[in-house]
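First listed ligand is number 1; within each ligand, the first listed atom is number 1. Just so you know, these numbers come straight off a predicted model, no measurement behind them. Residues: numbered from 1 along the sequence shown.
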Amino acid sequence: MTNRPVLLLLLVSSFATAQTSPTPANPVSARALAIHNSAIVVDTHADTPQRFLDEGFDIGSTDPNDIGHISLDKAQRGNLGAEFFSIWVEPGTNQGHFAQHTFDLIDSVYEQAARHPGRMRMAFSVADIERAHREHKLAALMGIEGGHSIENDVHLLRDYYRLGVRYMTLSWSNTNEWADSSGDIDDPKVQHHNGLTDFGKQVVLEMNQLGMMVDISHVADKTFWDAIATTKAPVIASHSSARALVNAPRNMTDDMLRAVGKNGGVVQVNFFNGFDDQAFWDAAKAQAKDKAAAIQKMLDDKKAAGQPAKYVDIDRLDREWTAKIPRPPLKVLIDHIDHVAKIAGIDHVGLGSDFDGVSGATPQGIDSAADLPKITQALLDRGYSAEDIKKILGGNLLRVFGEVERVSRELQGSSSK
Ligand SMILES: [Zn+2]
């Protein structure tokens, strides 16, 4: 997406006002910052609720040694306007009580908002996000990551909507009883369904009716195509990158990217190095067996000692292994944004960081939400216009969310006749 006249203009203007050009000490120019700060920046995936619940982490923390990606200060410095907090129920350690853990995570987000009413508010709609922006508060939204949370019960799905959940990822890395996942699609021990079951299609239609965004990140390819054929509203990929650049089954093929473009939806690019950098993916794959064994041993030891297994413990180990692999430059993330913009279209790409869910494996320079302006700088460097950058930063997601709300109203209107 290079645009030579714009690049030339930038070069000229940076000569004229040298202090506004990015330097190593100040990697974001005044122009990039102005564009970034004029946008409603929306990120569609952060796993911070695990920290709220397991660590008792307070989003108001100003601890300079905290290695987390999200805090109110970091969000403010990065002009993050809206965050979709991920309600992710680890299926192994929560077997038998998925709904209970889902409710606990939802509660943890509300509790943070209640603790910081002057800086953060719960948000359930596009209008709420815009209101929070005007009030200079972080809009806190919620998305459920993994259809297993509804325990095969559409009543629970509706309850989650009523509690404010505004997207649901049809599956996480585990195939559930109605949707195949890319995470275990090659595992012969797992019972698969060839995509979505009839109940799975009903779930998608119920989400359309409710106004809950259908999220196709994580799903198996056939599940994706079934969801696209079933949905009456645009879909989102809340945190997915491109398979043409990194051959991970969790990434989206160009055909899938084009289909989301045609569907009017949006692909929110994941910041995880494993999905954005082939060398990182290969290195992670090479250590996967040893890492899994180390994690299993830790879980077994905990069980033997009668202690509960928490995600924070898994994450701690994960970080040790992840730190052995070199972090790629920011360029790899920008390459994915650029690729999705080219294949799906500039109206169908956004940001789905996976902050606090990737054990620190984000590109160099992206250490928290405070670094989001560097992405704007990098897009500007590639010749993207201010208008297009604002679409990527949040405009596209807000359009899709608004369209999902409109389709819901339409479906509810026609069903009450
Ligand atoms: Zn995920």
Side-chain angles (χ1 to χ4, degrees), residues 42-54 68-70 83-94 98 101-102 105-106 109 141-150 165-176 179-185 212-221 223-224 227 235-243 246 248-252 256 260 265-277 280-281 284-285 288 291 295 311-312 314-315 318-319 322 333 336 340 350-363 366 369 397:
V42 184
D43 175 40
T44 43
H45 202 90
D47 276 297
T48 325
Q50 307 296 324
R51 302 196 67 202
F52 300 154
L53 205 57
D54 289 357
H69 287 141
I70 301 267
E83 181 61 66
F84 281 79
F85 288 102
S86 174
I87 306 300
W88 170 67
V89 172
E90 207 284 330
T93 52
N94 292 289
F98 293 155
H101 200 68
T102 306
L105 287 164
I106 290 171
V109 180
L141 297 102
M142 296 175 291
I144 286 180
E145 184 174 24
H148 56 287
S149 271
I150 68 165
V165 173
R166 288 298 177 266
Y167 78 67
M168 182 169 77
T169 323
L170 299 178
S171 79
W172 181 60
S173 298
N174 57 314
T175 288
N176 54 49
D180 288 346
S181 169
S182 65
D184 60 16
I185 195 67
M212 191 188 280
M213 290 183 278
V214 174
D215 177 17
I216 55 74
S217 284
H218 279 285
V219 302
D221 290 8
T223 307
F224 168 86
V235 300
I236 64 166
S238 68
H239 58 313
S240 286
S241 298
R243 208 181 297 173
V246 175
R250 170 79 174 70
N251 284 351
M252 296 171 70
M256 291 159 94
V260 172
V266 63
V267 175
Q268 306 278 99
V269 174
N270 197 311
F271 295 8
F272 175 48
N273 293 333
F275 298 146
D276 290 349
D277 180 44
F280 194 101
W281 173 254
K285 237 170 111 173
K291 185 172 89 175
I295 289 172
Y311 175 70
V312 63
I314 298 174
D315 184 57
D318 208 348
R319 281 175 189 274
T322 299
L333 166 60
H336 281 263
V340 176
L351 307 178
S353 67
D354 220 345
F355 275 153
D356 287 330
V358 296
S359 303
T362 46
I366 304 294
L397 189 282

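The side-chain hydrogen bond (donor to acceptor under 3.5 Å, both in side chains) test with Arg250 singles out one residue from Ser181, Ser240, Ser182, and that residue is Ser240.
Checked against side-chain contact (heavy atoms from CB on, under 4.5 Å), Ser353 has the following partners two or more places apart in sequence or in another chain: Asp43, Phe271, Phe355. Residues passing the side-chain contact (heavy atoms from CB on, under 4.5 Å) test with Ile314 are Ile295, Met298, Leu299, sequence neighbours excluded. Residues satisfying the side-chain contact (heavy atoms from CB on, under 4.5 Å) criterion with Asp318, sequence neighbours excluded, are Lys291, Thr322, Ser359.
Under the 4.5 Å side-chain criterion, counting only non-hydrogen atoms from C-beta, His239 is not in contact with Phe84.
In this pair, Phe98 and His148 present their aromatic rings perpendicular. The plane angle is above 60°, beyond the 30 to 60° band.
Listing protein N, O or S atoms at distances below 2.8 Å from the Zn ion (ligand 1), with waters left out, gives Glu145 OE2, His218 NE2, His239 NE2.
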